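Here's the structure, in C-alpha coordinates; my notes come after.
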Protein chains: 2
Amino acid sequence: MSTNAYPRTKRGVARREQILRAAEAMIGAQGFSAASIADITRHAKTALGTFYIYFSGKEDVFRELVLEMGQLTRAVITKAVAGAPNRLEAERAGLKAFLQFVIERPSLYRIVEEARFIDADAYKAYFTSFARAYAAQLSEAAAAGELRPGDAEVRAWALMGIAKTLGERYVLWDDTSDIDHVVDEAFSMIRDGLAP
Amino acid sequence: MSTNAYPRTKRGVARREQILRAAEAMIGAQGFSAASIADITRHAKTALGTFYIYFSGKEDVFRELVLEMGQLTRAVITKAVAGAPNRLEAERAGLKAFLQFVIERPSLYRIVEEARFIDADAYKAYFTSFARAYAAQLSEAAAAGELRPGDAEVRAWALMGIAKTLGERYVLWDDTSDIDHVVDEAFSMIRDGLAP
DNA sequence: TTGAAACATGAATCAGTATTCATGTTGAAT
DNA sequence: ATTCAACATGAATACTGATTCATGTTTCAA
(Lines give C-alpha, C1' and ligand atoms only; values in the text may rest on other atoms or scores of the structure.)
Protein backbone atom coordinates (compact mmCIF):
# COMPACT_ATOMS: atom_id res chain seq x y z
CA MET A 1 0.00 0.00 0.00
CA SER A 2 1.78 3.11 -1.10
CA THR A 3 -0.79 5.76 -0.44
CA ASN A 4 -3.92 6.22 1.36
CA ALA A 5 -5.72 3.06 0.32
CA TYR A 6 -8.07 1.87 2.98
CA PRO A 7 -6.61 -0.70 5.40
CA ARG A 8 -7.71 -4.34 5.02
CA THR A 9 -7.41 -5.58 8.56
CA LYS A 10 -8.72 -4.50 11.95
CA ARG A 11 -5.24 -3.70 13.08
CA GLY A 12 -4.74 -1.53 10.04
CA VAL A 13 -7.92 0.40 10.64
CA ALA A 14 -6.93 1.03 14.24
CA ARG A 15 -3.39 2.13 13.35
CA ARG A 16 -4.61 4.52 10.74
CA GLU A 17 -6.98 6.06 13.24
CA GLN A 18 -4.23 6.29 15.86
CA ILE A 19 -2.04 8.16 13.46
CA LEU A 20 -4.83 10.46 12.38
CA ARG A 21 -5.60 11.39 15.97
CA ALA A 22 -1.94 11.92 16.73
CA ALA A 23 -1.67 14.15 13.70
CA GLU A 24 -4.67 16.15 14.86
CA ALA A 25 -3.06 16.64 18.26
CA MET A 26 0.44 17.47 17.03
CA ILE A 27 -0.48 19.68 14.09
CA GLY A 28 -3.21 21.33 16.11
CA ALA A 29 -0.79 22.13 18.91
CA GLN A 30 2.37 23.05 17.03
CA GLY A 31 1.14 23.96 13.58
CA PHE A 32 1.76 22.25 10.28
CA SER A 33 5.43 22.94 9.76
CA ALA A 34 6.53 22.66 13.36
CA ALA A 35 4.88 19.25 13.75
CA SER A 36 7.20 16.62 12.29
CA ILE A 37 6.22 13.19 11.11
CA ALA A 38 8.44 11.91 13.89
CA ASP A 39 6.39 13.84 16.43
CA ILE A 40 3.23 12.36 15.03
CA THR A 41 4.40 8.76 15.02
CA ARG A 42 5.98 9.12 18.44
CA HIS A 43 2.69 10.38 19.80
CA ALA A 44 0.89 7.56 18.03
CA LYS A 45 3.35 5.03 19.44
CA THR A 46 4.32 3.62 16.08
CA ALA A 47 7.43 3.59 13.98
CA LEU A 48 8.22 6.46 11.68
CA GLY A 49 7.82 4.45 8.52
CA THR A 50 4.36 3.29 9.49
CA PHE A 51 3.06 6.73 8.74
CA TYR A 52 3.76 6.21 5.05
CA ILE A 53 1.77 3.03 4.95
CA TYR A 54 -1.38 5.01 5.53
CA PHE A 55 -0.66 8.45 4.17
CA SER A 56 1.31 9.67 1.23
CA GLY A 57 2.77 12.58 3.15
CA LYS A 58 2.16 15.32 5.65
CA GLU A 59 -0.17 17.27 3.40
CA ASP A 60 -2.20 14.15 2.90
CA VAL A 61 -3.09 13.69 6.59
CA PHE A 62 -3.66 17.36 6.79
CA ARG A 63 -6.16 17.31 3.97
CA GLU A 64 -7.95 14.43 5.58
CA LEU A 65 -8.25 16.33 8.84
CA VAL A 66 -9.73 19.29 7.04
CA LEU A 67 -12.27 17.02 5.39
CA GLU A 68 -13.11 15.51 8.71
CA MET A 69 -13.63 18.90 10.27
CA GLY A 70 -15.98 19.79 7.45
CA GLN A 71 -18.15 16.77 8.04
CA LEU A 72 -18.13 17.20 11.81
CA THR A 73 -19.00 20.87 11.78
CA ARG A 74 -21.88 20.31 9.43
CA ALA A 75 -23.16 17.42 11.48
CA VAL A 76 -22.89 19.27 14.77
CA ILE A 77 -24.58 22.40 13.52
CA THR A 78 -27.27 20.61 11.57
CA LYS A 79 -28.16 18.67 14.65
CA ALA A 80 -28.12 21.70 16.93
CA VAL A 81 -30.29 23.69 14.58
CA ALA A 82 -32.79 20.94 13.92
CA GLY A 83 -35.22 21.71 16.71
CA ALA A 84 -35.24 25.49 16.31
CA PRO A 85 -38.73 27.00 15.91
CA ASN A 86 -37.52 29.65 13.47
CA ARG A 87 -34.48 30.98 11.67
CA LEU A 88 -33.43 33.41 14.35
CA GLU A 89 -33.45 30.74 17.03
CA ALA A 90 -31.55 28.55 14.61
CA GLU A 91 -28.88 31.24 14.42
CA ARG A 92 -28.53 31.32 18.16
CA ALA A 93 -28.38 27.56 18.45
CA GLY A 94 -25.92 27.29 15.57
CA LEU A 95 -23.56 29.84 17.05
CA LYS A 96 -23.63 28.21 20.42
CA ALA A 97 -23.09 24.75 18.98
CA PHE A 98 -20.15 26.00 16.97
CA LEU A 99 -18.43 27.53 19.97
CA GLN A 100 -19.09 24.39 21.97
CA PHE A 101 -17.49 22.38 19.20
CA VAL A 102 -14.41 24.58 19.26
CA ILE A 103 -14.15 23.90 22.98
CA GLU A 104 -14.22 20.18 22.33
CA ARG A 105 -11.94 20.03 19.31
CA PRO A 106 -9.66 23.06 19.38
CA SER A 107 -7.07 21.26 17.29
CA LEU A 108 -9.43 20.69 14.43
CA TYR A 109 -10.40 24.32 14.50
CA ARG A 110 -6.79 25.46 14.23
CA ILE A 111 -6.13 23.00 11.47
CA VAL A 112 -8.94 24.29 9.33
CA GLU A 113 -7.72 27.82 9.74
CA GLU A 114 -4.19 26.87 8.88
CA ALA A 115 -5.48 25.12 5.78
CA ARG A 116 -5.73 28.51 4.17
CA PHE A 117 -1.95 28.46 3.96
CA ILE A 118 -1.26 24.79 3.46
CA ASP A 119 -4.01 23.61 1.20
CA ALA A 120 -5.89 26.65 -0.02
CA ASP A 121 -8.19 24.59 -2.20
CA ALA A 122 -9.41 22.43 0.65
CA TYR A 123 -9.95 25.53 2.71
CA LYS A 124 -11.91 27.30 0.03
CA ALA A 125 -13.95 24.22 -0.69
CA TYR A 126 -14.80 23.84 2.96
CA PHE A 127 -16.02 27.39 3.40
CA THR A 128 -17.69 27.99 0.09
CA SER A 129 -19.66 24.81 0.37
CA PHE A 130 -20.66 25.70 3.89
CA ALA A 131 -21.56 29.22 2.84
CA ARG A 132 -23.69 28.00 -0.04
CA ALA A 133 -25.84 25.88 2.23
CA TYR A 134 -25.99 28.60 4.83
CA ALA A 135 -27.05 31.24 2.32
CA ALA A 136 -29.77 28.96 1.01
CA GLN A 137 -31.23 28.68 4.49
CA LEU A 138 -31.10 32.42 5.00
CA SER A 139 -32.63 33.07 1.64
CA GLU A 140 -35.49 30.71 2.32
CA ALA A 141 -36.11 32.25 5.72
CA ALA A 142 -36.19 35.73 4.21
CA ALA A 143 -38.69 34.57 1.59
CA ALA A 144 -40.85 33.18 4.39
CA GLY A 145 -40.78 36.56 6.10
CA GLU A 146 -38.70 35.36 9.01
CA LEU A 147 -35.89 37.77 8.18
CA ARG A 148 -35.73 41.20 6.66
CA PRO A 149 -34.91 40.94 2.95
CA GLY A 150 -31.23 41.22 2.10
CA ASP A 151 -28.31 39.58 0.31
CA ALA A 152 -28.18 36.08 1.75
CA GLU A 153 -24.66 35.40 0.57
CA VAL A 154 -23.10 38.46 2.16
CA ARG A 155 -25.05 37.69 5.31
CA ALA A 156 -23.84 34.12 5.39
CA TRP A 157 -20.20 35.21 5.15
CA ALA A 158 -20.65 37.92 7.74
CA LEU A 159 -22.22 35.48 10.17
CA MET A 160 -19.50 32.92 9.56
CA GLY A 161 -16.98 35.63 10.24
CA ILE A 162 -18.56 36.39 13.57
CA ALA A 163 -18.54 32.76 14.62
CA LYS A 164 -14.95 32.16 13.55
CA THR A 165 -13.62 35.20 15.27
CA LEU A 166 -15.52 34.70 18.50
CA GLY A 167 -14.35 31.11 18.54
CA GLU A 168 -10.77 32.20 18.25
CA ARG A 169 -10.98 34.96 20.81
CA TYR A 170 -13.21 33.44 23.45
CA VAL A 171 -12.38 29.78 23.16
CA LEU A 172 -8.87 29.32 21.83
CA TRP A 173 -7.25 32.33 23.43
CA ASP A 174 -9.14 32.66 26.59
CA ASP A 175 -11.28 29.77 27.56
CA THR A 176 -14.09 31.89 28.93
CA SER A 177 -16.22 29.93 31.32
CA ASP A 178 -19.07 32.10 30.21
CA ILE A 179 -19.64 31.16 26.62
CA ASP A 180 -23.32 31.82 27.08
CA HIS A 181 -22.69 35.47 27.70
CA VAL A 182 -20.74 35.73 24.46
CA VAL A 183 -23.46 33.90 22.59
CA ASP A 184 -26.17 36.13 24.05
CA GLU A 185 -24.41 39.35 23.27
CA ALA A 186 -23.49 38.36 19.75
CA PHE A 187 -26.91 36.94 19.13
CA SER A 188 -28.74 40.03 20.23
CA MET A 189 -26.80 41.98 17.65
CA ILE A 190 -27.52 39.38 15.00
CA ARG A 191 -31.19 39.19 15.91
CA ASP A 192 -31.73 42.89 15.60
CA GLY A 193 -29.64 42.95 12.47
CA LEU A 194 -31.79 40.37 10.73
CA ALA A 195 -35.25 40.40 12.29
CA PRO A 196 -38.08 41.67 10.08
CA MET B 1 25.61 45.11 11.86
CA SER B 2 24.37 41.73 12.89
CA THR B 3 20.70 42.28 13.37
CA ASN B 4 18.13 44.78 12.59
CA ALA B 5 19.98 47.93 13.61
CA TYR B 6 18.92 50.88 11.57
CA PRO B 7 21.05 51.62 8.49
CA ARG B 8 23.43 54.57 8.65
CA THR B 9 23.54 55.61 5.01
CA LYS B 10 20.99 56.50 2.35
CA ARG B 11 21.92 53.44 0.40
CA GLY B 12 21.33 51.30 3.46
CA VAL B 13 17.91 52.76 4.08
CA ALA B 14 16.93 52.14 0.49
CA ARG B 15 18.23 48.56 0.48
CA ARG B 16 16.40 47.72 3.65
CA GLU B 17 13.20 49.05 2.20
CA GLN B 18 13.74 47.13 -1.06
CA ILE B 19 14.13 43.93 0.88
CA LEU B 20 11.11 44.63 3.04
CA ARG B 21 8.92 45.22 0.00
CA ALA B 22 10.25 42.10 -1.69
CA ALA B 23 9.51 40.12 1.45
CA GLU B 24 5.99 41.47 1.49
CA ALA B 25 5.47 40.42 -2.09
CA MET B 26 7.04 36.97 -1.82
CA ILE B 27 5.66 35.95 1.55
CA GLY B 28 2.31 37.42 0.68
CA ALA B 29 2.15 35.45 -2.54
CA GLN B 30 3.67 32.13 -1.52
CA GLY B 31 3.29 32.04 2.22
CA PHE B 32 5.95 32.09 4.90
CA SER B 33 7.53 28.72 4.46
CA ALA B 34 7.31 28.52 0.70
CA ALA B 35 8.99 31.90 0.29
CA SER B 36 12.75 31.43 0.60
CA ILE B 37 15.28 34.08 1.48
CA ALA B 38 16.70 33.47 -1.97
CA ASP B 39 13.32 34.33 -3.51
CA ILE B 40 13.19 37.50 -1.50
CA THR B 41 16.67 38.71 -2.36
CA ARG B 42 16.27 37.74 -6.00
CA HIS B 43 13.08 39.80 -6.15
CA ALA B 44 14.87 42.64 -4.37
CA LYS B 45 17.80 42.39 -6.81
CA THR B 46 20.39 41.98 -4.11
CA ALA B 47 22.71 39.22 -3.01
CA LEU B 48 21.52 36.56 -0.62
CA GLY B 49 23.79 37.60 2.18
CA THR B 50 22.59 41.19 2.07
CA PHE B 51 19.37 40.06 3.68
CA TYR B 52 21.22 39.27 6.89
CA ILE B 53 22.71 42.72 7.08
CA TYR B 54 19.28 44.12 7.75
CA PHE B 55 17.34 41.29 9.32
CA SER B 56 18.26 38.57 11.72
CA GLY B 57 16.18 35.98 9.91
CA LYS B 58 12.97 35.22 8.14
CA GLU B 59 10.82 35.57 11.24
CA ASP B 60 12.34 38.95 11.83
CA VAL B 61 11.18 40.45 8.52
CA PHE B 62 7.88 38.76 9.03
CA ARG B 63 7.38 40.35 12.42
CA GLU B 64 8.25 43.72 10.98
CA LEU B 65 5.66 43.32 8.25
CA VAL B 66 3.01 42.47 10.82
CA LEU B 67 3.92 45.58 12.79
CA GLU B 68 3.73 47.63 9.64
CA MET B 69 0.30 46.26 8.86
CA GLY B 70 -0.84 47.19 12.33
CA GLN B 71 0.24 50.79 11.94
CA LEU B 72 -1.16 51.08 8.43
CA THR B 73 -4.55 49.61 9.26
CA ARG B 74 -4.95 51.88 12.22
CA ALA B 75 -3.93 54.91 10.21
CA VAL B 76 -6.21 54.09 7.29
CA ILE B 77 -9.25 53.41 9.43
CA THR B 78 -8.70 56.31 11.77
CA LYS B 79 -8.51 58.62 8.82
CA ALA B 80 -11.56 57.13 7.12
CA VAL B 81 -13.63 57.35 10.25
CA ALA B 82 -12.57 60.86 11.19
CA GLY B 83 -15.27 62.76 9.38
CA ALA B 84 -18.18 60.50 10.31
CA PRO B 85 -21.11 62.31 11.91
CA ASN B 86 -21.88 59.45 14.28
CA ARG B 87 -20.79 55.98 15.29
CA LEU B 88 -22.94 54.11 12.82
CA GLU B 89 -21.61 56.10 9.91
CA ALA B 90 -18.16 55.48 11.31
CA GLU B 91 -18.83 51.76 11.14
CA ARG B 92 -19.78 52.00 7.50
CA ALA B 93 -16.79 54.13 6.64
CA GLY B 94 -14.43 51.90 8.59
CA LEU B 95 -15.64 48.74 6.90
CA LYS B 96 -15.34 50.28 3.49
CA ALA B 97 -11.89 51.65 4.19
CA PHE B 98 -10.73 48.28 5.43
CA LEU B 99 -11.91 46.46 2.32
CA GLN B 100 -10.33 49.12 0.16
CA PHE B 101 -7.08 48.62 2.01
CA VAL B 102 -7.21 44.89 1.40
CA ILE B 103 -7.61 45.65 -2.30
CA GLU B 104 -4.51 47.79 -2.21
CA ARG B 105 -2.28 45.61 -0.04
CA PRO B 106 -3.51 42.03 -0.31
CA SER B 107 -0.08 40.70 0.67
CA LEU B 108 -0.07 42.50 3.98
CA TYR B 109 -3.50 41.12 4.72
CA ARG B 110 -2.38 37.56 4.12
CA ILE B 111 0.73 38.07 6.15
CA VAL B 112 -1.18 39.23 9.19
CA GLU B 113 -3.46 36.24 8.97
CA GLU B 114 -0.55 33.86 8.62
CA ALA B 115 1.04 35.47 11.66
CA ARG B 116 -1.32 33.44 13.76
CA PHE B 117 0.78 30.43 12.86
CA ILE B 118 4.22 31.96 12.57
CA ASP B 119 4.32 34.50 15.35
CA ALA B 120 1.27 34.03 17.49
CA ASP B 121 2.29 36.74 19.93
CA ALA B 122 2.56 39.39 17.26
CA TYR B 123 -0.80 38.32 15.92
CA LYS B 124 -2.49 38.44 19.28
CA ALA B 125 -0.91 41.76 20.10
CA TYR B 126 -2.12 43.18 16.84
CA PHE B 127 -5.71 42.15 17.30
CA THR B 128 -6.13 42.64 21.01
CA SER B 129 -4.73 46.12 20.81
CA PHE B 130 -6.98 46.91 17.91
CA ALA B 131 -9.96 45.41 19.67
CA ARG B 132 -9.31 47.37 22.82
CA ALA B 133 -9.41 50.68 20.99
CA TYR B 134 -12.42 49.59 18.97
CA ALA B 135 -14.35 48.50 22.04
CA ALA B 136 -13.60 51.81 23.73
CA GLN B 137 -15.17 53.65 20.82
CA LEU B 138 -18.23 51.44 20.85
CA SER B 139 -18.57 51.77 24.57
CA GLU B 140 -18.41 55.52 24.38
CA ALA B 141 -20.96 55.64 21.61
CA ALA B 142 -23.33 53.45 23.57
CA ALA B 143 -22.98 55.71 26.59
CA ALA B 144 -23.82 58.66 24.37
CA GLY B 145 -26.97 56.89 23.24
CA GLU B 146 -25.75 56.36 19.69
CA LEU B 147 -25.93 52.60 20.04
CA ARG B 148 -28.14 50.23 21.92
CA PRO B 149 -26.45 49.17 25.17
CA GLY B 150 -24.45 45.97 24.95
CA ASP B 151 -21.09 44.32 25.58
CA ALA B 152 -18.64 46.47 23.64
CA GLU B 153 -15.89 43.90 23.64
CA VAL B 154 -17.95 41.11 22.14
CA ARG B 155 -19.29 43.58 19.61
CA ALA B 156 -15.82 44.71 18.66
CA TRP B 157 -14.68 41.15 18.00
CA ALA B 158 -17.82 40.30 16.09
CA LEU B 159 -17.41 43.35 13.88
CA MET B 160 -13.76 42.61 13.29
CA GLY B 161 -14.78 39.11 12.32
CA ILE B 162 -17.19 40.41 9.74
CA ALA B 163 -14.59 42.69 8.21
CA LYS B 164 -11.88 40.02 8.08
CA THR B 165 -14.10 37.43 6.53
CA LEU B 166 -15.65 39.72 3.93
CA GLY B 167 -12.17 40.89 3.03
CA GLU B 168 -11.04 37.38 2.43
CA ARG B 169 -14.10 36.31 0.50
CA TYR B 170 -14.84 39.37 -1.59
CA VAL B 171 -11.40 40.81 -2.09
CA LEU B 172 -8.78 38.09 -1.93
CA TRP B 173 -10.78 35.28 -3.45
CA ASP B 174 -12.98 37.08 -5.84
CA ASP B 175 -12.09 40.60 -6.59
CA THR B 176 -15.67 41.77 -6.75
CA SER B 177 -15.93 44.99 -8.67
CA ASP B 178 -18.85 45.84 -6.47
CA ILE B 179 -17.36 46.29 -3.05
CA ASP B 180 -19.99 48.91 -2.34
CA HIS B 181 -22.73 46.35 -2.56
CA VAL B 182 -20.98 44.17 -0.02
CA VAL B 183 -20.43 47.12 2.28
CA ASP B 184 -24.05 48.20 1.98
CA GLU B 185 -25.46 44.79 2.71
CA ALA B 186 -23.18 44.11 5.62
CA PHE B 187 -23.67 47.56 6.98
CA SER B 188 -27.43 47.39 6.93
CA MET B 189 -27.20 44.32 9.10
CA ILE B 190 -24.74 46.00 11.43
CA ARG B 191 -26.78 49.17 11.60
CA ASP B 192 -29.97 47.39 12.61
CA GLY B 193 -27.99 45.23 14.96
CA LEU B 194 -26.58 48.19 16.84
CA ALA B 195 -28.91 51.16 16.37
CA PRO B 196 -30.75 52.33 19.48
C1' DT C 1 -1.64 -25.27 9.67
C1' DT C 2 0.09 -22.71 6.28
C1' DG C 3 1.33 -19.31 2.89
C1' DA C 4 0.67 -14.98 0.93
C1' DA C 5 -0.76 -10.40 1.64
C1' DA C 6 -0.86 -6.89 4.83
C1' DC C 7 1.42 -4.44 8.08
C1' DA C 8 5.58 -2.69 11.13
C1' DT C 9 10.16 -1.11 11.80
C1' DG C 10 13.88 2.58 12.02
C1' DA C 11 18.39 3.37 10.12
C1' DA C 12 19.93 5.33 5.93
C1' DT C 13 19.05 8.55 2.21
C1' DC C 14 17.87 12.77 0.09
C1' DA C 15 16.58 17.43 -0.59
C1' DG C 16 15.99 21.98 0.33
C1' DT C 17 17.21 26.11 2.27
C1' DA C 18 18.62 29.05 6.24
C1' DT C 19 22.69 31.06 7.80
C1' DT C 20 27.66 32.14 7.88
C1' DC C 21 31.84 34.13 6.38
C1' DA C 22 35.94 35.56 3.92
C1' DT C 23 36.58 38.74 0.52
C1' DG C 24 35.53 42.86 -1.96
C1' DT C 25 33.26 47.63 -2.79
C1' DT C 26 31.14 52.09 -1.58
C1' DG C 27 29.94 56.10 1.37
C1' DA C 28 31.01 60.10 3.81
C1' DA C 29 33.65 62.36 7.29
C1' DT C 30 38.21 64.51 7.81
C1' DA D 1 42.75 62.43 -1.21
C1' DT D 2 42.49 59.39 2.46
C1' DT D 3 40.59 56.27 5.50
C1' DC D 4 37.54 53.54 8.05
C1' DA D 5 33.03 52.09 8.92
C1' DA D 6 29.23 50.61 6.48
C1' DC D 7 27.58 47.85 3.11
C1' DA D 8 27.51 43.98 -0.70
C1' DT D 9 28.55 39.53 -2.46
C1' DG D 10 27.55 34.46 -3.20
C1' DA D 11 29.92 30.09 -2.57
C1' DA D 12 30.38 27.04 1.20
C1' DT D 13 28.48 25.22 5.41
C1' DA D 14 25.15 23.26 8.43
C1' DC D 15 21.04 21.58 9.69
C1' DT D 16 16.53 19.89 9.71
C1' DG D 17 13.29 16.83 8.72
C1' DA D 18 10.69 14.32 4.91
C1' DT D 19 10.74 10.07 2.52
C1' DT D 20 12.53 5.46 1.23
C1' DC D 21 13.55 0.71 1.72
C1' DA D 22 15.37 -3.73 3.07
C1' DT D 23 14.19 -6.63 6.59
C1' DG D 24 11.07 -8.61 9.86
C1' DT D 25 6.31 -9.74 12.00
C1' DT D 26 1.28 -10.38 12.06
C1' DT D 27 -3.16 -11.33 10.13
C1' DC D 28 -6.43 -14.22 8.04
C1' DA D 29 -8.47 -16.90 4.45
C1' DA D 30 -8.35 -21.44 2.71
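These numbers were taken from a predicted model, which means no experiment stands behind them. The figures here come from the full heavy-atom set of this structure, side chains too, leaving out hydrogens, waters and symmetry mates. Below, read A as the first sequence line, B as the second, and so on, with proteins coming before strands; counting in each chain starts at 1.
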Counting side-chain heavy atoms from CB outward, which of C:dG10, D:dC7, D:dT9 is closest to A:Ala47? C:dG10
How many whole angstroms separate atom [atom1] of [X] from atom [atom2] of [N]?
X	N	atom1	atom2	result
B:Tyr54	D:dA6	OH	P	11 Å
B:Lys58	D:dC15	NZ	P	18 Å
B:Phe55	C:dA18	CZ	C1'	16 Å
A:Ile19	C:dA8	CD1	C1'	10 Å
B:Glu59	C:dT17	CD	C1'	15 Å
B:Ile53	D:dA5	CD1	C1'	13 Å
B:Gln18	D:dA8	CD	C1'	12 Å

Sorted by number, residues from residues 21-44 of chain A placing a heavy atom under 4.0 Å from DNA chain D are A:Ala35, A:Ser36, A:Ile37
Answer yes or no: is there a donor N or O on one side and an acceptor on the other, between the side chain of B:Asp39 and the main chain of B:Ser36, under 3.5 Å? yes
Sub-6.0 Å ring centroid separation between B:Phe117 and A:Phe32: no
Measure from NZ or CZ of B:Lys164 to the centre of the six-membered ring of B:Phe127 and say whether it is under 6.0 Å with the direction within 45° of the ring axis. yes
First encountered from the 5' end of DNA chain C, between B:Phe51 and A:Thr50: A:Thr50
Is it the case that the side chains of A:Arg74 and A:Ser129 hold a donor-acceptor pair, with the cut-off being a distance below 3.5 Å and no angle test? yes
Distance-only polar pair, side chains of B:Glu153 and A:Tyr170, donor-acceptor under 3.5 Å: yes
Quick one: CD1 on A:Ile37 to CZ on A:Arg42, what's the gap to the nearest 0.5 Å? 11.5 Å
Roughly how far, to the nearest 0.5 Å, is CZ of B:Phe62 from CD1 of B:Ile118? 5.5 Å
Look at the rings of B:Phe130 and B:Tyr126 and say which category their plane angle falls in: under 30° parallel, 30 to 60° tilted, over 60° perpendicular. parallel
Readout for nucleotides 20-30 of chain D: B = base within 4.0 Å of protein heavy atom, S = sugar-phosphate only, - = neither; 5' to 3' it is B-----SSS--
Hey, is the side chain of A:Thr46 poking within less than 4.0 Å of OP1 or OP2 on C:dA8, counting only N and O atoms? no
Applying the 4.5 Å side-chain criterion to the ILVMFWY set and letting contacts propagate, would B:Tyr54 and B:Leu67 be lumped into a single cluster? no
